[in-house]
Amino acid sequence: MLVDSHCHLNFPELATQLPEIQQKMLEAQVGYALCVSVTLDKFPEVLALAEQYSNLFASVGVHPDYEDITEPSVEVIVKLAKHSKVIAIGETGLDYFRLQGDLEWQRNRFRTHIRAAIQAKKPLIIHTRSAAKDTIRIMQEEGAAEVGGVMHCFTESMEVAQAAIEMGFYISFSGIVTFKNAIDLKVIAQEIPLSRILVETDSPYLAPVPYRGKINQPAYVQHVAQAIANLRGITFEQVMQTTTENFFNLFEHANPH
Ligand SMILES: [Zn+2]
Ligand SMILES: [Zn+2]
C-alpha cells in the first residue's frame with residue numbers, strides 16, 4: 001500500500017467529504033495519510049480526524065505563512081505532541097515567496113519548532129520556498145539532524161536535497177513531479193536514493209496530472225508514485241513498497257493500529 005505523507009483533510013474543500021475520501025483511498029491502495037497542522041487554532045480539527053480514523057495521523061505546528069497569530073512556544077508544541085496520534089512536528093520552515101520584509105519572526109518560529117521536535121523526539125515536516133539557504137543553515141545550527149524529518153513538497157535544487165539527506169532527512173515529492181515543466185525536479189526524483197523518498201499530495205492543493213487544477217485528495221498520491229516509477233524505470237510496486245517503508249521508518253511512532 002501507499003502512504004500520503006502530507007495532506008490537509010481538515011481544510012473546507014475536503015472536511016465534509018471524509019467518507020468519500022476514505023473510499024477513494026481504499027480503491028487506490030492508499031492505506032494511510034498524515035494530516036498536517038498549519039495553525040494551533042486548527043490543530044484540534046486535525047487531531048479529531050486522526051482520532052476518528054485509525055488510518056490517519058496528525059502533526060502539530062504552525063506554518064510559516066501565517067503572520068498574525070499567537071506565536072507557539074516550545075512548551076506548548078511539546079505538550080500537544082505527546083498525543084499518540086501526533087507523529088510529527090510541523091509544518092514549519094521558511095517561505096520568502098509568500099511573505100516579504102523582515103522575516104526574523106519566521107526564522108525564530110522555525111527554530112522554536114526544531115527545538116520542540118528535539119524535546120518531543122518526533123521528526124520535523126519542513127516547508128521551504130525561496131528560502132533554501134536559510135532553511136538549511138537553521139536546520140544545521142539547531143541540530144535538526146537529531147530528529148530528522150521530511151522536506152515536504154520538494155521543489156529545490158539537488159544541492160539542497162543532498163544537504164537535507166546528509167542530515168538524515170527524507171525528500172517528499174508532490175504532484176509537481178508529474179508536471180511537464182518540472183524538468184529539474186524530475187532529475188532529482190530520478191537520482192536521489194529511493195530509500196530517502198516519500199510521496200505526498202499536499203491536498204487539497206497541487207493535484208497531479210491528470211487532475212491538475214482540480215481539488216486534490218490522498219487517493220491521487222498513486223499518480224505521484226507512478227511518475228517516480230516511470231522516471232526511475234522501476235515498477236509502481238517498488239515505489240509503493242519502499243516509500244511506505246520509508247514513512248514508517250521515519251515516523252516510528254506511527255503505529256498502524
Ligand atoms: Zn507546505
Ligand atoms: Zn502543507
Side-chain angles (χ1 to χ4, degrees), residues 1-9 30-38 56-59 61 63-64 87-95 113 117 122-129 131-132 135-136 139 144 147-158 160-179 182 184-208 216-229 231-232 238-252 254:
M1 70 179 75
L2 282 162
V3 180
D4 181 358
S5 74
H6 191 116
C7 61
H8 301 283
L9 297 185
V30 180
Y32 299 94
L34 172 49
C35 300
V36 176
S37 286
V38 294
L56 301 181
F57 301 109
S59 77
H63 192 290
I87 63 168
I89 307 300
E91 59 181 292
T92 181
L94 302 176
D95 193 330
H113 281 79
K122 291 187 177 177
L124 288 152
I125 299 168
I126 295 184
H127 168 111
T128 183
R129 198 161 177 210
T135 302
I136 295 292
M139 287 166 71
V147 283
V150 54
M151 307 302 284
H152 111 85
C153 193
F154 193 78
T155 53
E156 301 296 334
S157 66
M158 182 63 97
V160 174
Q162 261 147 7
I165 289 170
E166 268 168 38
M167 281 186 270
F169 275 70
Y170 289 77
I171 305 298
S172 181
F173 294 98
S174 68
I176 295 175
V177 81
T178 69
F179 298 173
D184 296 345
L185 190 65
K186 287 180 199 283
V187 172
I188 297 172
Q190 205 174 336
E191 291 187 353
I192 65 171
L194 188 59
S195 62
R196 307 312 299 183
I197 292 179
L198 298 183
V199 287
E200 69 172 81
T201 58
D202 209 7
S203 319
Y205 312 120
L206 292 172
N216 202 359
Q217 57 174 299
Y220 296 168
V221 79
Q222 62 175 316
H223 299 281
V224 177
Q226 185 64 61
I228 293 170
L231 285 166
R232 300 179 72 100
Q238 274 177 286
V239 174
M240 175 157 74
Q241 192 190 333
T242 307
T243 56
T244 296
E245 277 172 18
N246 294 345
F247 180 90
F248 286 106
N249 284 338
L250 171 61
F251 300 111
E252 54 185 355

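FYI, side chains are in, hydrogens and waters are out, and symmetry mates aren't considered; it's all heavy atoms of this structure.
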| request: Indicate the atoms forming the closest heavy-atom contact of Phe251 with Ala88, along with that distance. | output: CE2-CB, 3.5 Å
| task | Tell me, with the steps shown, if Phe179 and Leu185 meet side-chain contact (heavy atoms from CB on, under 4.5 Å). | result | CA-CA 10 Å; Phe179 298 173; Leu185 190 65; over 6 Å; no
| said: Tell me whether Asp184 at atom CG has more than 12 heavy atoms from other residues, nucleotides or ligands lying less than 6.0 Å away. | reply: no
| Got a donor-acceptor contact below 3.5 angstrom from the Glu200 side chain to the Cys153 backbone? | yes
| Side-chain (Thr178) to main-chain (Gly175) donor-acceptor, under 3.5 angstrom | yes
| task | Please name the pair of heavy atoms, one in Ile89 and one in His113, separated by the smallest distance, quoted to 0.1 Å. | result | CG2-O, 3.8 Å
| Does the side chain of Leu34 reach to within under 4.5 Å of the side chain of Val3, using non-hydrogen atoms? | no
| remark: When rounded to the nearest 0.5 Å, the distance separating OG1 of Thr243 from CZ of Arg196 is 13.5 Å
| query | Between Val177 and Ala227, which heavy-atom pair has the shortest distance, and what is it? | reply | CG1-CB, 4.2 Å
| Can you check side chain to side chain donor-acceptor pair (under 3.5 Å) on Asp202 and Ser174, steps first, answer last? | CA-CA 7 Å; Asp202 209 7; Ser174 68; over 6 Å; no
| said: Apply side-chain contact (heavy atoms from CB on, under 4.5 Å) to residues His152 and Ile126 and explain how you reach the verdict. | reply: CA-CA 6 Å; His152 111 85; Ile126 295 184; over 6 Å; no
| task | Could you give me the CA-CA distance, side-chain angles and deciding distance for Asp4 and Ser203, then say whether side-chain contact (heavy atoms from CB on, under 4.5 Å) is met? | result | CA-CA 9 Å; Asp4 181 358; Ser203 319; 4.1 Å; yes
| query | Just by modelled atom types, is the Pro64 backbone N or O under 3.5 Å from a matching donor or acceptor in the Asp95 side chain? | reply | no
| query | Would you say Asn246's side chain and Ile197's backbone share a donor-acceptor pair under 3.5 angstrom? | reply | yes
| message | Take a 6.0 Å sphere around CE of Met1 and say whether it holds more than 12 heavy atoms from other residues, nucleotides or ligands. | response | no
| Is any side-chain heavy atom of Met167 closer than 4.5 Å to a side-chain heavy atom of Ile136? | yes
| task | Please answer whether the main-chain N or O of Tyr205 pairs with a side-chain N or O of Asn216 as donor and acceptor at a distance below 3.5 Å. | result | yes
| request: Ignoring hydrogens and angles, tell me if any N or O in the side chain of Ser5 forms a donor-acceptor pair with the backbone of Leu198 under 3.5 Å. | output: no
| request: Mind listing the closest non-hydrogen atom pair of Phe57 and Ala254 along with its distance? | output: CZ-CB, 3.8 Å
| message | Quick check for you: to the nearest 0.5 Å, what is the distance between Gln190 atom CD and Ile192 atom CD1? | response | 11.5 Å
| said: Treating Thr128 as the side-chain partner and Thr135 as the backbone partner, does any N or O pair qualify as donor plus acceptor under 3.5 Å? | reply: no
| Do you know which two heavy atoms are closest between Gln222 and Leu2, and how far apart they sit? | CA-CD1, 3.6 Å
| Whether His8 side chain and Val36 backbone form a donor-acceptor pair below 3.5 Å | yes
| query | Can you check whether Leu124 reaches Val147 side chain to side chain, under 4.5 Å on heavy atoms? | reply | yes
| Can you tell if the side chain of Cys35 reaches within under 4.5 Å of the side chain of Cys7, non-hydrogen atoms only? | yes
| field | Smallest separation among heavy atoms of Pro193 and Ile165, with atom names | value | CD-CD1, 4.4 Å
| query | How about Tyr32 and Phe247: are their ring centres within less than 6.0 Å of each other? | reply | no
| message | Tell me if a side-chain donor or acceptor on Arg129 pairs with a main-chain N or O of Leu94 at a distance below 3.5 Å. | response | no
